[in-house]
Chemist: 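Starting off with a structure, shown below.
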Protein chains: 2
Amino acid sequence: MSGAYGPRLSRLLEALRRLPGVGPKSAQRMAFHLLGRDRDGAAFLRDALAAALAGIERCPRCRMYCEDGRCAFCVPSRETGGQVCVVETPADLLAIESSTGYRGRYFVLGGRLSPLDGIGPEQLGLDRLESELTGSPGSGAGVRELIIAINPSVEGEATAYYLGELGRRYGATVTRIAYGVPLGGELESTDGGTLARAFTGRTPA
Amino acid sequence: MSGAYGPRLSRLLEALRRLPGVGPKSAQRMAFHLLGRDRDGAAFLRDALAAALAGIERCPRCRMYCEDGRCAFCVPSRETGGQVCVVETPADLLAIESSTGYRGRYFVLGGRLSPLDGIGPEQLGLDRLESELTGSPGSGAGVRELIIAINPSVEGEATAYYLGELGRRYGATVTRIAYGVPLGGELESTDGGTLARAFTGRTPA
């Protein structure tokens, strides 16, 4: 059937299929929607992509996305508590920011330690985090509390362990967000791993 | 939370949300994927959109998308049978082309007759189809069979009726694709409307 598509349409379909969660059917639906019903939307997306590629960068300090050299999360008001919350991805940062009252600083790893895939401390910017912990010039007054908010996978556990060691080496209090039975969840239907973790991590009531 | 997004990221999210089937969560996932893991893909999509907007047009004859003034479906080899299959959308055309052996010509309406929404015969290009039926100069040798492949909705039925009258007025044989119990379907679980239609449309066995 690809013979029925011209080269430009084929390329558009290929480009749309590179988006996460978009298969051949969705790509075709999107392409025909943009071409037939929303050419303005297509031009808008083209321009938005161009502007994003040209003007969105990683903050050199916290590694979150920032624009025009101003990071929304590396501002003086967030320094006061001396807290830094370490997350894997920008999406995790936004989830914490929108659901919790935490208004301290962040550090985005961009992944998990995975030596087999060639992802070591440097790839995650941990040298940057280290200079943050030492309170080196230009990076504020050091870190009092290092909050680890890493996904509880095997590699995540290794990463959290490494971060914990790193934080303690520089005298920071290291904490970790709680893992356990989700709110609204039922013990009976909670998976064994989660339940075991909730039991081990029981707190004084 | 939108305060956490810079203006360029906000615009990118807005542009992605205009794609069919993409909500706020998917848009964020797509944006972070493009920015963090596939900047080449973002540039590829930007360029593919630009090329599509500049170079994909409607074929003036069959109203399918075409490029460089060459329509893949308005070629002499498809003229011989004198058949024209009328569909609603480009996606319908491609579905018929890929699943059936039909290799005649097409006509894409781009919608259904819907007077309340201001969609009349002109909006669907039926004047163009009419000049095709009369065999006017430059439009081939007229139409022998007009095949109606319209979705069986209320407006679709009205459109099909209109097309049937139009075809017969110019002496074309008018046929309609069969509607009934889908292959692999079970009578018991087929909806009443479909079953009634299958029963009325029974054929000699």
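In what follows, chains carry the letters A, B, and so on, assigned in the order in which the sequence lines appear, proteins first and then strands, with residues in each chain numbered from 1. Just so it is clear, the model here is predicted, and its values are computed rather than measured.
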Chemist: Which answer fits B:Arg70, side chain, backbone, both or neither, if we ask what part of it has an atom under 4.5 Å from a heavy atom of chain A?
Modeler: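 B:Arg70 has no heavy atom closer than 4.5 Å to chain A.
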Chemist: Below 4.5 Å from any heavy atom of chain A, which atoms of B:Leu16 appear? Answer side chain, backbone, both or neither.
Modeler: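 For B:Leu16, heavy atoms of backbone and side chain both lie under 4.5 Å from chain A.
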Chemist: Using a cut-off of under 4.5 Å on heavy-atom pairs, state which of B:Leu12, B:Leu53, B:Leu9 scores highest against chain A.
Modeler: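 Ranked by heavy-atom pairs under 4.5 Å with chain A, first place is B:Leu53.
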Chemist: With salt bridge (charged side-chain N to carboxylate O under 4.0 Å, His left out) as the test, would you mind laying out the steps for A:Asp47 and B:Arg46 before giving the verdict?
Modeler: CA-CA 7 Å; A:Asp47 297 341; B:Arg46 173 200 64 197; over 6 Å; no
Chemist: Assess whether atom CD of B:Glu186 is packed by more than 12 heavy atoms of other residues, nucleotides or ligands within 6.0 Å.
Modeler: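 Count not over threshold, so no.
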Chemist: Between B:Tyr5 and A:Tyr65, is the ring centroid distance below 6.0 Å?
Modeler: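 No: the rings miss the under 6.0 Å criterion.
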Chemist: Could you look at A:Arg58 and say if it's the side chain, the backbone, both or neither that has a heavy atom under 4.5 Å from chain B?
Modeler: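 Answer is side chain: those atoms of A:Arg58 sit under 4.5 Å from chain B.
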Chemist: What residue in A:Gly110, A:Pro7, A:Ala50, A:Ala52 has the most heavy-atom pairs under 4.5 Å with chain B?
Modeler: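 Of A:Gly110, A:Pro7, A:Ala50, A:Ala52, A:Pro7 has the most heavy-atom pairs under 4.5 Å with chain B.
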Chemist: Could you check which of A:Ala31, A:Gly55, A:Gly36 has the highest count of heavy-atom pairs closer than 4.5 Å to chain B?
Modeler: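 Most pairs with chain B among the choices: A:Gly55.
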Chemist: Write down the atom of B:Arg11, the atom of A:Ala51, and the distance for their closest heavy-atom approach.
Modeler: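 It is NH1-CB, 4.0 Å.
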Chemist: Examine whether an atom of B:Ala43 lies under 4.5 Å from a heavy atom of chain A, and if so say whether it belongs to the side chain, the backbone or both; otherwise answer neither.
Modeler: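 Both parts, backbone and side chain.
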Chemist: Side chain from CB out, backbone as N, CA, C, O: work out which of these in B:Glu67 comes under 4.5 Å of a heavy atom of chain A, or both, or neither.
Modeler: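 For B:Glu67, the contact with chain A is made by backbone and side chain together.
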Chemist: Taking the side chain as every heavy atom from C-beta outward, state whether A:Leu49 and B:Leu49 have any atom pair closer than 4.5 Å.
Modeler: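 Answer yes - side chains close enough.
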Chemist: Would B:Asp40 and A:Arg18 satisfy salt bridge (charged side-chain N to carboxylate O under 4.0 Å, His left out), going step by step from the backbone distance to the final call?
Modeler: CA-CA 10 Å; B:Asp40 287 348; A:Arg18 280 173 80 152; 5.4 Å; no
Chemist: Give the member of A:Cys66, A:Ala54, A:Ala42 that has the highest number of heavy-atom pairs under 4.5 Å with chain B.
Modeler: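 Result: the option with the highest number of such pairs is A:Ala42.
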Chemist: With side chain to side chain contact (heavy atoms under 4.5 Å, CB included) as the criterion, how do A:Arg8 and B:Asp68 come out once you've worked through the C-alpha distance, each side chain's angles and the decisive distance to 0.1 Å?
Modeler: CA-CA 10 Å; A:Arg8 291 183 193 81; B:Asp68 306 313; 3.0 Å; yes
Chemist: Can you tell if the side chain of A:Leu19 reaches within under 4.5 Å of the side chain of B:Leu19, non-hydrogen atoms only?
Modeler: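 Of all side-chain heavy-atom pairs linking B:Leu19 with A:Leu19, at least one is under 4.5 Å.
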Chemist: Please state whether the side chain, the backbone, both or neither of B:Leu34 comes within less than 4.5 Å of a heavy atom of chain A.
Modeler: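 Contact with chain A is through the side chain of B:Leu34 alone.
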Chemist: If you count every heavy atom of other residues, nucleotides or ligands that lies below 6.0 Å from A:Tyr161 atom OH, does the total exceed 12?
Modeler: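 Count not over threshold, so no.
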Chemist: Please report the shortest heavy-atom distance between B:Arg39 and A:Ile56, naming the atom on each side.
Modeler: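 Looks like NH2-O, 3.2 Å.
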